[in-house]
Amino acid sequence: MEEDLRELRVGKLDRLRAAGIPTYPERFERTHALAEAASLPEGTGGLRVAGRLIAVRTFGKLTFAHLQDRGGRLQIALRREELPAETWQAFHDLFDRGDFVGAEGSIFRTKTGETTLAVAKLHFLGKALLPLPEKWHGLKDPELRQRRRYLDLLMSDETRERFRMRTKVLRTLRSFLDAHGFEEVETPVLQTVPSGASARPFITHHNALDIDVYLSISPETWLKRLVVGGYERVYEIARCFRNEGMDPSHLQDFTMLEFYVAYWSYEDNMRFTEKLMRHLLVEVLGKERIDWRGRVIDFSGEWPRVDMGQLLRDRAGIDLARCPTADELRGAIAAKGIKLERMDLGRGALIDALYKATVRDDLIQPCFLTGIPSDILPLARRSDRDPQLADCFQLLVNGWEIVKAYSELVDPVEQRRRFEEQETERARGDEEAMFVDEEYLLAMEHGMPPISGWGMGIDRLCALLSGSDSLRDVVFFPLLRPKGGGAGEGAGDDSGDVKDFPLSRAEAMALFDGNVKSDYLRKHCLASAAVMEAIAERFGKDRDTFWCMGLLHDLDFDRVKEPTKHTRETVEILESKGVKDERILKAILSHNEALGVERTAWLDYALSCGETVTGLVMASALVLPDKKLASLEGKSVAKRMKKKDFAKQVSREAILQCERIGLTIDEFCDLAVKALQRIAPALGL
RNA sequence: GCCCUCUUAGCUCAAUGGUAGAGCAGCGGAUUCUUAAUCCGGAGGUUGUAGGUUCGAGUCCUACAGGGGGCACCA
C-alpha cells in the first residue's frame, strides 16, 4: 500500500519531467521568508517565497494551499482564470502534499482576513515520494517520532519549539561564558584510558594501532591538562558516552558542559552558577520560573544551601557523626529499616546511596547540596575543615542533579593515592571505579594552580526548561534498537539470535547416541553440527545452540522413512527435552522440504543450507586421490555445485540458500570445508 | 538484566472468541474565500513475526522482535 502511494508519486515525477519541468532544480531565489511575507501589507508585489506544501483546498476554479518553512506558514491562492492552463493543471495533477514549491505573486487579504499570496507563477522545487503524516493528529507513535524525527519536526510545532530552545540554550551558555573570558576547546572522544568519572565506558577497536580504545565518559582530566598548559578559563560542550542502562533521565550518549577556572574555589563557582542560571532562564524563557509539567520551580531569590549530613539527619533519621565507619553506618541504615540494593560499599558510597534513596527526589526547588563525602569523588579536593567531605556542591532541581562542581584536587601525590584506592575498588568488582590515569598524573606533576571545575548535564537542563519528562524528547535521534527490514517489509524476528539451548553439548550428544544409529546419519549429523557452529562463529551467533541444532536436526531420520513425516518426531523429542524456542523448532521442521513448512527466517536457511552442504563436501573429498578432507579446497567444492551429475541427491537449491544468510557460494563452501577438516577423523576422511 | 504494557490501512483510531471498520491522506468526480473545507464515488489489510488452543483467533496461550513505562545501575 505504501508502495502504491509511492509508485503514484514516482509516476507524477516522470510526468513532470516529460512536461519539461525541472524536478530537482538547483536553487530558488527567495525575497521573503513565509512569516515575513505573511506580515506584509496588502498589495505588496514581486514576492518570491518557497516552502513545503502542507495543505491544499480546491474549489473548482480557486485553490488555497499552505506553505511551511523554517519559521512559519503562508497561505497561497491560485485562481484558474489568472494562471496559465499548464500551471493550474500541473499543480493539481502533479503536486502533492509534502512537495517543495516556490511561488511568485502579490499579497492580498481573503474574506476571512488571512494574508495570502495571489500566485502569478509557480515553481516545482522538489518531490516527496512518501506522504506526510495525518494533518490533524500528526505523528503520535513515540517510536516513529524518534526514529523519523524529521516527520515529528515537520508536523509538531511543539517539537520544533523544543529543539529551538535547545539551540538557544547552547548559544546562550556559549555567549555567557565567552563574555566572561572563557575559551571553548575540544578534547578527544577516543581515548586509551577512560577517565574523569565513575562509569562503565563503551569499548571499541582501533585497527591501525590494533588497540582497544574507549569512548569518552567525561572531558574532565583533559580540560585540567589544559589548565596545566596555561588555560585559566576553559570550557567544552562535550559529548559523553556511558555504557549503562537507559531510562527517561539517562542517555548513553549525552552532552555535558564542563568548565574549569584557575584560582577559583567551589564557593566562587556557586555564586557564578546562580548568575549563569539566572541569565540563562531570562534569555531563554524570559522569567526566573519554570513550569515543569504542572509543577512550578522558582529560581528567583537566594537558593538554599543544604548539607547532606543534615538532610540525612532530618529526613532519614540517620546521624552520620555517630557512624564514623562503614560498618556502623550499615547498622544504622538497617536499624531504620531502609533497604539499599548494595550494602557492601564504602562509607562514602553508602552515604551517597542513602541520600539518593531517601532524600534526593524531594529536592524540587533549586538548592545547592554540600557536605558530599570525598571518597566518592576521587578527583575532588578534600575539605580543609573535614577531610571526609569534598569541597563540592551539586545544584539540585526537580530531584535531578543539574550541576556538579568542586574544588579540584591538584596535589599529584594525593591524586595517585586516590586512584590507587579506586583500583582496589575495581579489583573488588566495582566496574565503575576509575582507572589510574598515568598521563593525567604526569601532567599534574608539572604543577596546577588552585582550580574549580564545573559540569552540567545539558540534556537534563533542556528537559527541565522545556517541560519534558524524558531526555529522549530533547535529543533529535536517541539510540534505538535497529528495526529489522525496511519500511513495509514486516521482517519480524529474522536475526537468528537464538541462544541458551536447554541441553549442554554432552547432553545433546547423549540424546544423539540414543536416537541416531546408522553410520551414514551419524556422520551427516556430526558434520552438520560442525558447519552450524562455523556459521554461528561467522555471524556472531551462539555457537553451542547452533552446534546442537546441527547435531540433533535429524534425530528421527533412522526411524521415520516417510518424507512427509520426518522432523515431526524430532521436534517432539526436542520439546520433551525442554527446547521451547519456536525459531529453533521451525528451522528443524522446515529443513525437510517434503513437510511443507516454508522456510522464511534466517535461521531456517542457515540450517537447511548448512546440513545440505555437508553431503557435497564429503562427496567431494571421496573423489580426491587420497580421499582426505585435508587436501580439499572450498573452490573445488563450489565448482562441483555446477556439475549436476556429481552427488545428484544433494539439493543444489538448498545449498544456494546460503546467499539468503549473507554468504556467497565460494565463501560458504570454504567455511564448510574448513569446519569439516577440523573433525575429519570422526568422519573417517 | 527483571517485571508490566502496547503493536490493526501511509497516519490517527474502532471491532462481547463469530463476515476486519471509520476519519484523514491518496485516487475519480462536483464546487470562486477555504483554512481539520464540504458533498458523491470507488480503492486500500498475511491485524508486528512464528507456532499453539479452538468448529472458528485481531481477541486466549507460548516464543521472538520492536516501542513505552517501572525496578536496578548511573548524571
Side-chain angles (χ1 to χ4, degrees), chain A residues 1-6 8-9 54-66 73 75 77-82 96-98 108-114 116 130-147 151 155 197-200 217-218 240 242-252 254 256 340-342 352-353 356 394 400-404 431-432 455-460 469-472 480-485 487-498 571 579-587 589-590 597-598 600-601 603-604:
Chain A
M1 180 57 201
E2 185 171 45
E3 204 46 30
D4 295 347
L5 291 168
R6 188 175 178 279
L8 203 72
R9 289 175 176 223
I54 54 160
V56 181
R57 297 172 295 279
T58 297
F59 299 85
K61 293 174 186 159
L62 171 69
T63 290
F64 291 107
H66 270 98
R73 288 173 194 180
Q75 179 166 267
L78 286 77
R79 258 183 251 274
R80 180 144 130 196
E81 286 157 8
E82 294 168 17
D96 283 297
R97 211 169 138 258
F108 75 107
R109 211 170 296 276
T110 62
K111 280 181 189 165
T112 51
E114 180 160 354
T116 303
L130 294 174
L132 256 30
E134 216 256 3
K135 63 182 169 191
W136 184 241
H137 298 95
L139 205 57
K140 281 201 171 169
D141 181 347
E143 179 177 358
L144 279 180
R145 290 176 67 154
Q146 290 174 41
R147 286 192 198 275
L151 293 180
M155 301 309 296
S198 301
R200 287 167 67 182
I217 54 173
S218 158
C240 303
R242 297 189 185 174
N243 205 343
E244 276 149 8
M246 65 200 300
D247 68 47
S249 63
H250 295 86
L251 299 165
Q252 42 277 63
F254 64 102
M256 286 233 299
L340 299 179
E341 274 308 307
R342 290 188 59 183
D352 191 50
K356 285 171 179 167
Q394 298 180 2
W400 299 347
E401 181 186 324
I402 297 292
V403 171
K404 174 149 75 190
E431 288 189 75
E432 278 143 21
M456 180 165 80
I458 297 293
D459 310 280
R460 283 189 179 172
D469 57 358
S470 169
L471 298 189
R472 271 181 286 216
L480 295 179
R481 208 179 276 274
K483 219 166 174 169
E489 208 171 301
D493 169 37
D494 204 14
S495 62
D497 281 330
V498 289
V571 166
V579 180
K580 291 214 181 75
D581 195 321
E582 295 289 347
R583 298 170 298 173
I584 294 175
L585 299 176
K586 182 182 161 241
L589 280 178
S590 68
V597 175
E598 204 188 338
T600 53
L603 193 64
D604 302 344

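All chains are named by letter (A, B, ...) in the order of the sequence lines, taking the proteins before the strands, and each is independently numbered beginning at 1.
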A:Arg57 vs A:His66 side-chain heavy atoms within contact, under 4.5 Å: yes
Nearest heavy atoms of A:Ala587 and A:Asp604, plus distance in Å: CA-OD1, 3.2 Å
For atom CG of A:Leu78 and atom P of B:rU34, their distance in whole Å: 17 Å
Length of the line joining A:Met155:CE and B:rA25:C1', which is rounded to integer Å: 10 Å
Pairwise side-chain contact, A:Leu251 with A:Arg472, heavy-atom cut-off 4.5 Å (strictly under): yes
Opposite nucleotide pairing with B:rG58, Watson-Crick or G-U, both atom distances under 3.5 Å: none
Residue A:His137, side-chain heavy atoms: nucleotide from B:rU12, B:rG26, B:rG67 that is nearest: B:rU12
Atom C1', compared across B:rG26 and B:rG41: separation rounded to whole Å: 14 Å
Whole-Å C1' distance, B:rU35 and B:rC24: 15 Å
Distance test, side-chain N/O of A:Arg147 to OP1/OP2 of B:rG67, below 4.0 Å: yes
Sugar-phosphate only, base, or nothing, as touched by A:Lys140 at under 4.0 Å among non-hydrogen atoms: sugar-phosphate
Sugar-phosphate, base or nothing in reach of A:Asp247, heavy atoms under 4.0 Å: base
Side-chain heavy atoms of A:Arg242 within contact of A:Glu432, under 4.5 Å: no
A:Asp352 side chain near A:Lys356 side chain, heavy-atom distance below 4.5 Å: yes
Value in whole Å for how far the C1' atom of B:rU31 lies from CZ of A:Phe64: 13 Å
Listed nucleotide nearest any side-chain atom of A:Arg57, set B:rU32, B:rU34, B:rG70: B:rU34
Touch class at under 4.0 angstrom, heavy-atom based, for A:Arg200 against every strand present: nothing
B:rG23: pairing nucleotide in any strand, Watson-Crick or G-U under 3.5 angstrom: B:rC11
Length of the CG-P vector between A:Leu144 and B:rG68, whole Å: 11 Å
Of the listed nucleotides B:rG67, B:rU32, B:rC73, the one nearest the side chain of A:Glu81: B:rU32
Closest listed nucleotide, where the reference is the side chain of A:Leu5 and the choices are B:rC13, B:rC33, B:rG26: B:rG26
P gap between B:rA65 and B:rG18, integer Å: 31 Å
Base partner of B:rU47, which must satisfy Watson-Crick or wobble distances under 3.5 Å: none
Sugar-phosphate, base or nothing in reach of A:Leu480, heavy atoms under 4.0 Å: sugar-phosphate
C1' spacing across the pair B:rA9 / B:rA25, given as an integer number of angstrom: 11 Å
5' precedence on RNA chain B between A:Arg79 and A:Gly138 (nearest-nucleotide basis): A:Gly138
N or O in side chain of A:Arg472 less than 4.0 angstrom from B:rG68 OP1/OP2: yes
Pairwise P distance for B:rC6 and B:rU16, with rounding to whole Å: 15 Å
C1' gap between B:rC13 and B:rG51, integer Å: 29 Å
Nucleotide B:rG10, atom P - distance to CG of A:Leu132 in whole Å: 16 Å
Phosphate OP1/OP2 of B:rA25 contacted by A:Arg6 side-chain N/O (<4.0 Å): no
Length of the CZ-C1' vector between A:Arg145 and B:rC11, whole Å: 13 Å
Sugar-phosphate only, base, or nothing, as touched by A:Gly455 at under 4.0 Å among non-hydrogen atoms: nothing
Sugar-phosphate only, base, or nothing, as touched by A:Ile402 at under 4.0 Å among non-hydrogen atoms: nothing
Shortest non-hydrogen contact between A:Met256 and A:Cys240, atoms and distance: CG-SG, 4.0 Å
B:rC33 OP1/OP2 closer than 4.0 Å to side-chain N/O of A:Gln75: no
Touch class at under 4.0 angstrom, heavy-atom based, for A:Thr116 against every strand present: nothing
Whether A:Phe59 stacks on the six-membered ring of B:rU31 base, 5.5 Å and 30° limits: no
N/O donor-acceptor pair under 3.5 Å between A:Thr116 side chain and A:Glu114 backbone: yes
Interatomic distance, A:Leu589 CG vs B:rA50 P [rounded to whole Å]: 14 Å
Donor-acceptor pair present, A:Glu143 side chain and B:rU7 base, under 3.5 Å: no
Sugar-phosphate, base or nothing in reach of A:Glu114, heavy atoms under 4.0 Å: base
First of A:Lys61 and A:Glu401 reached from the 5' end of RNA chain B, by closest nucleotide: A:Lys61
Closest to the A:Pro142 side chain, choosing from B:rU34, B:rU32, B:rG68: B:rG68
Heavy-atom closest contact (A:Leu5 atom, A:Pro131 atom, distance): CD1-CG, 4.0 Å
C1' atoms of B:rU7 and B:rU12, separation to the nearest Å: 14 Å
Among B:rA50, B:rG68, B:rC27, the one nearest A:Lys586 by side-chain distance: B:rA50
B:rA43 versus B:rC61 - spacing of their C1' atoms, nearest Å: 37 Å
Euclidean distance, atom CG of residue A:Leu603 to atom P of B:rA63 [Å, nearest integer]: 18 Å
Selection from B:rU35, B:rC11, B:rU32 that lies nearest to any side-chain heavy atom of A:Glu134: B:rC11
Any-strand Watson-Crick or G-U partner of B:rU32, both distances under 3.5 Å: none
Exceeds 12 heavy-atom contacts within 6.0 angstrom, atom CZ of A:Arg200: no
Base paired to B:rG66 (Watson-Crick or G-U; both N/O distances under 3.5 angstrom): B:rC6
B:rA72 pairs with, by Watson-Crick or G-U criteria that keep both distances under 3.5 Å: none
